[in-house]
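Remember, it's 1-based here, ligands and their atoms both numbered in the order they're listed.
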Amino acid sequence: MKNLLTKLKNNQKLCYDEFLFLLDNRELFADEIAKMARQTQRQNFGNKVFLRGLIEFGNCCQNDCYYCGIRKSNKNAQRYRLDKEQILSCCKVGYQVGYRTFVLQSGEDAFFTTDKITDIVKSIKTNFPDCAVTLSVGERPKSDYQAWHDAGADRYLLRHETADQNHYALLHPDDMSWQNRMDCLQNLRDIGYQVGCGIMVGSPYQTNEHIAKDLVFMQQFAPEMVGIGPFIPHNDTPFANCKSGSVELTLFLLSLVRVILPDVLLPATTALGTADKDGRERGILAGANVCMPNLSPQHAKQKYTLYNDKLCSGAESADEHEQLKTKLKNIGYDVVTNRGDHKKFIQEGKTDV
Ligand code: SAH
């Protein structure tokens, strides 16, 4: 056991069997790995937390993922789309509060054509030239990703959801393909985005074997960002009666990811904050270094329901920002107002500011 921890500490790398052993004996390792993660976080980021302003700009979706509340077949979802002006006004409010990264997320929606998203990205970059734009609009052809990168998009979040093809097939209908999602991640990487992958913890049918595979994949792919949050059921989905993912396992995985990818940008997710009222703070203390408060208009926040009881403060963006700052201060962390690019991109001069 000690050997494994020493190996992890010295090499920041383990193999599939070793990850599986850690996961199967989590209670023996949890404290030590959390400690290691906090040390790594301190060394690389001090007590700084990066903020990203999340804009959920549409919940229309042509996919039918079994876990997701905005899936095509959910007739109870009230659909909406924000237009460019509405998106820009979210950015404006966010900019005044201090955000320098905007994350644009939506369902998979052909209404937002290549050109429409190109135009939105260009407008944000023109109006807020010192800000980074992160897109999270799902699987698209490489030419779309290229066009948006040319327009100035800096980062892309596309959770791989699971590194196991059979598990993927249990979470998605037959017309969705694990291979295509993996190819998309590689395309994004090849184009030059800062790329984020990730998983839900405790998604239906997930085993420790699957998670060990996810960790091996993350280690190999070495993404700039990783999104990890607990699965939470949504009433109007086929997984309505499944149980939520474990908060403790989520925290354990955040710590483990911090250790194997020391510089990674790792958010304490909204799902974690929903599953546990102190979830976001506990996520930061476990090794996460990013928070993504929601800048969407109130009506959009309420309709962008991926899962039950999604955290949605109802507060104005500026107030929410102050509350978050205070919460983080109380656990010894300060928020920083800069773009917060991945170290590798800064060192290689690949960022535009
Ligand atoms: N359509 C885009 C982004 C929207 S969903 C895409 O597919 O990438 C963003 C993430 O929310 C998903 O990748 C998934 O991991 C997470 N998510 C969806 N439903 C969830 C649920 N019920 N519980 C927790 N997380 C969920």
Side-chain angles (χ1 to χ4, degrees), residues 52 54-74 77 79 81 103-112 117 134-140 144-145 148 155-163 167-168 171-173 175-178 180-185 187-188 193 195-206 210-211 214 223 225-247 249-250 253 267-276 279 283 292 294 296 300 303-311:
R52 279 70 166 100
L54 176 63
I55 303 171
E56 296 160 334
F57 69 98
N59 70 349
C60 302
C61 194
Q62 65 219 25
N63 285 351
D64 225 5
C65 310
Y66 299 146
Y67 46 83
C68 184
I70 63 168
R71 64 199 299 269
K72 174 175 67 179
S73 297
N74 180 10
R79 306 291 171 174
R81 292 182 181 115
V103 180
L104 268 62
Q105 192 175 82
S106 71
E108 314 241 350
D109 184 4
F111 170 86
F112 287 105
I117 294 194
T134 305
L135 292 174
S136 179
V137 302
E139 295 171 40
R140 293 281 199 138
D144 281 11
Y145 293 155
W148 303 334
R155 310 184 190 131
Y156 204 102
L157 301 176
L158 186 78
R159 290 188 179 179
H160 64 288
E161 312 296 359
T162 170
H167 183 217
Y168 187 91
L171 302 176
H172 303 93
D175 63 351
M176 291 182 66
S177 134
W178 176 84
N180 191 55
R181 205 157 178 92
M182 289 302 195
D183 290 347
C184 284
L185 280 170
N187 287 339
L188 291 161
Y193 281 93
V195 183
C197 65
I199 59 166
M200 292 176 287
V201 177
S203 58
Y205 310 106
Q206 188 183 56
H210 295 144
I211 301 175
D214 289 318
M225 293 128 10
V226 169
I228 296 184
F231 162 76
I232 303 173
H234 185 290
N235 284 338
D236 299 313
T237 64
F239 291 156
N241 297 320
C242 295
K243 65 177 195 336
S244 291
S246 148
V247 169
L249 179 55
T250 306
L253 290 174
T269 57
T270 309
L272 185 56
T274 301
D276 182 306
M292 289 171 59
N294 201 322
S296 317
K303 291 179 188 145
Y304 198 84
T305 39
L306 306 180
Y307 43 81
N308 294 337
D309 305 320
K310 193 184 85 169
L311 193 67

Who passes salt bridge (charged side-chain N to carboxylate O under 4.0 Å, His left out) against Arg155, sequence neighbours left out? Asp341
Using the salt bridge (charged side-chain N to carboxylate O under 4.0 Å, His left out) criterion, which residues pair with Arg181? Sequence neighbours excluded. Glu139, Glu161
What are the distances between nitrogen or oxygen atoms of ligand 1 and protein nitrogen or oxygen atoms, counting only those under 3.5 Å?
unit_1	atom_1	unit_2	atom_2	d
ligand 1	1 (N)	Ser106	O	3.2
ligand 1	7 (O)	Glu108	OE2	3.3
ligand 1	7 (O)	Arg181	NH2	3.3
ligand 1	8 (O)	Arg181	NH2	3.2
ligand 1	13 (O)	Glu161	OE2	2.5
ligand 1	15 (O)	Arg159	NH1	3.0
ligand 1	15 (O)	Glu161	OE1	2.8
ligand 1	15 (O)	Glu161	OE2	3.4
ligand 1	22 (N)	Tyr67	O	3.0
ligand 1	22 (N)	Ile232	O	2.7
ligand 1	22 (N)	Leu306	O	3.4
ligand 1	23 (N)	Ile232	N	3.0
ligand 1	23 (N)	Ile232	O	3.3

What do you reckon, is CG of Asp309 surrounded by more than 12 foreign heavy atoms closer than 6.0 Å? no
Look at the aromatic rings of His210 and His167 and report parallel, tilted or perpendicular, splitting at 30° and 60°. parallel
List the residues meeting salt bridge (charged side-chain N to carboxylate O under 4.0 Å, His left out) with Glu108, not counting sequence neighbours, and say none if there are none. none
For the residue pair Tyr156 and Tyr145, is the inter-centroid distance of their aromatic rings smaller than 6.0 Å? yes
